[in-house]
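Presented below is the structure to which this report refers.
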Amino acid sequence: MHQPSSLSRIDWVAHSCRLLAATAREFRETKPFAGLTIGSGIHLEPKTVALLMTLRAGGAGLVCTGNLNSTQPETVDYLRAQGIKVFATQTSDADEHGASLDAILAEKPDLLLDNGGDLFARAADKPYANLLGGTEETTSGRTRLMPMRDKLNMPILVINDSPIKQVAENRHAVGQSLFESYLRFTNRSTNGKRVTVFGYGACGKGTAACFRNAFSAVSVVDIDPVTTLEAHLDGFTTPLREAAIRSADVLVTVTGYPNIITAADLSLIKDGAILMNGGHFPHEIDVEAFRSSPEVAGIDRYEAEYIETVRMRDGRAFHILGGGHMANLAGPRPLGNTVESMDLGFTLQARCLERVAKGGLGREACVIPVPADIDAMVASAYLDLAR
């Protein structure tokens, strides 16, 4: 009898990413990135390994860093063992993260794979000649980079603007993973809980649906009246913002914008409420302002659980999960979005980088959605594997 092998979660994910594996097999033949270096600034967790190995199969040299508070040390160790240059630590310190970003750009990669606009924002201020363009993963990054288009002046494809990404990852996977994260952090029920979701884009739709399917009473808050109408017609209550905060047992932000819940809202937050963020940046809930507010009597920390309990001077207390960072990539055993959704999204990344590398896009393709033919190619390939 053969001795059983001991495999890691990185191995589990690699075997589960069937579409990336098929793409890697093609890339080994076509070598679309031969002679090019790709600099990545994206969450360093096991699913990212599957993407990076696919790019390397295509001939790319790789230099990598992560995002704030989501770098998983075992992933860094694995990549370094594969001979990949990694500038990353598990940190929530913006200056330390900034130094890692600068280290990536000092390598002058030909293509950038960005997540939140961190790398491209720096490249806009300090351009270098061989940068061809690349990809941006998120809505937050697109919002950040749009005002810089004239300075950037290179093809940058926004993965989050793909209908595949919106449906597979944002609506379905983010909703599932934030719901799972609430359970993982708290071990508390959702039955009968009053949940307020801020933002009714694709991520908000999925989040609201998952909590409703778990027998929560869900409210939605969005600044766009048309989007709010959609939430209403989808069967969610749509109270005014103040009432939505006051009534909520659980508050979830998924907007992509800063300062959604601030210190000005402290008097509104219900005793015992739980606050969690699903947006890319840890700015949607202004945790730092909470910590320094004179209305706060003190903060208790469940260190191993990544939970802070904010005690108010009037006797109320509420809880913040993961320090306001992306809850699905923070806290104990952070798993992120489902493997299948990231298999789709990361194949879009690989195909978009391939398109930029081939020179098939002009400078006018700066911060634009994924081309429709790439969406169709990736969708068809996934369906072929699923049939």
Side-chain angles (χ1 to χ4, degrees), residues 13-14 16-23 40-52 54-55 66-67 70 113-117 134-143 156-182 197 199-211 213 252-256 276-281 284 325-330 334-353 368-372 374-383 385-386:
V13 168
S16 303
C17 286
R18 300 169 62 206
L19 191 54
L20 279 173
T23 306
S40 69
I42 195 166
H43 304 295
L44 288 179
E45 51 105 2
K47 292 181 286 292
T48 312
V49 173
L51 168 61
L52 295 173
T54 300
L55 299 177
N67 292 139
S70 65
L113 191 168
D114 210 355
N115 196 48
T135 57
E136 164 54 42
E137 175 81 3
T138 65
T139 299
S140 302
R142 186 237 296 141
T143 301
I156 302 170
L157 301 181
V158 181
I159 306 303
N160 208 58
D161 289 344
S162 160
I164 292 175
K165 175 77 159 50
Q166 289 288 308
V167 172
E169 190 174 339
N170 293 356
R171 192 170 82 204
H172 291 296
V174 170
Q176 286 180 335
S177 64
L178 286 178
F179 172 71
E180 178 273 331
S181 297
Y182 168 83
V197 176
Y200 201 64
C203 294
K205 289 180 174 69
T207 302
C210 281
F211 276 95
N213 290 344
V252 189
T253 56
V254 277
T255 72
M276 60 187 293
N277 171 48
H280 175 74
F281 288 112
E284 300 202 23
H325 289 271
M326 286 182 75
N328 57 0
L329 280 168
L335 295 175
N337 289 334
T338 57
V339 173
E340 293 89 345
S341 70
M342 298 305 295
D343 193 20
L344 272 163
F346 280 166
T347 301
L348 283 174
Q349 285 274 14
R351 291 299 187 183
C352 286
L353 288 166
I368 66 164
V370 174
I374 294 180
D375 280 321
M377 178 200 310
V378 171
S380 295
Y382 187 89
L383 289 170
L385 289 173

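Residues: numbered from 1 along the sequence shown.
Residues satisfying the salt bridge (Lys or Arg N to Asp or Glu O under 4.0 Å) criterion with E340, sequence neighbours excluded, are absent altogether. The side chain to side chain contact (heavy atoms under 4.5 Å, CB included) search around A330 returns N69, F185, H325, not counting sequence neighbours. Take C352 and apply the side chain to side chain contact (heavy atoms under 4.5 Å, CB included) test, not counting sequence neighbours, and it matches T135, L157, I159, V370, I374. Not counting sequence neighbours, the partners of C17 by the side chain to side chain contact (heavy atoms under 4.5 Å, CB included) test are V13, L20, A50, V339, D343. When the salt bridge (Lys or Arg N to Asp or Glu O under 4.0 Å) test is applied to R142, the partners found at least two apart in sequence or on another chain are D161. In this structure, the salt bridge (Lys or Arg N to Asp or Glu O under 4.0 Å) partners of E137, at least two apart in sequence or on a different chain, are K165. Every residue two or more places apart in sequence or in another chain that forms a side chain to side chain donor-acceptor pair (under 3.5 Å) with E180 is listed here: R184. Remark: T48 engages no residue in a side chain to side chain donor-acceptor pair (under 3.5 Å) (not counting sequence neighbours). The side chain to side chain contact (heavy atoms under 4.5 Å, CB included) search around M342 returns K47, E169, N337, F346, not counting sequence neighbours. Remark: E284 pairs with no residue by the salt bridge (Lys or Arg N to Asp or Glu O under 4.0 Å) rule, at least two apart or across chains. The side chain to side chain donor-acceptor pair (under 3.5 Å) search around S16 returns none, not counting sequence neighbours.
Side-chain N/O atoms of N328 and S181 include no donor and acceptor closer than 3.5 Å.
L348 has its side chain out of reach of L344: every pair of non-hydrogen atoms, C-beta onward, lies at least 4.5 Å apart.
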Can I get a per-line list of side-chain donor-acceptor pairs under 3.5 Å for residues 375-382, giving both atom names and the distance, sequence neighbours left out?
from, atom 1, to, atom 2, distance (Å)
D375, OD1, S162, OG, 2.5
S380, OG, A376, O, 2.9

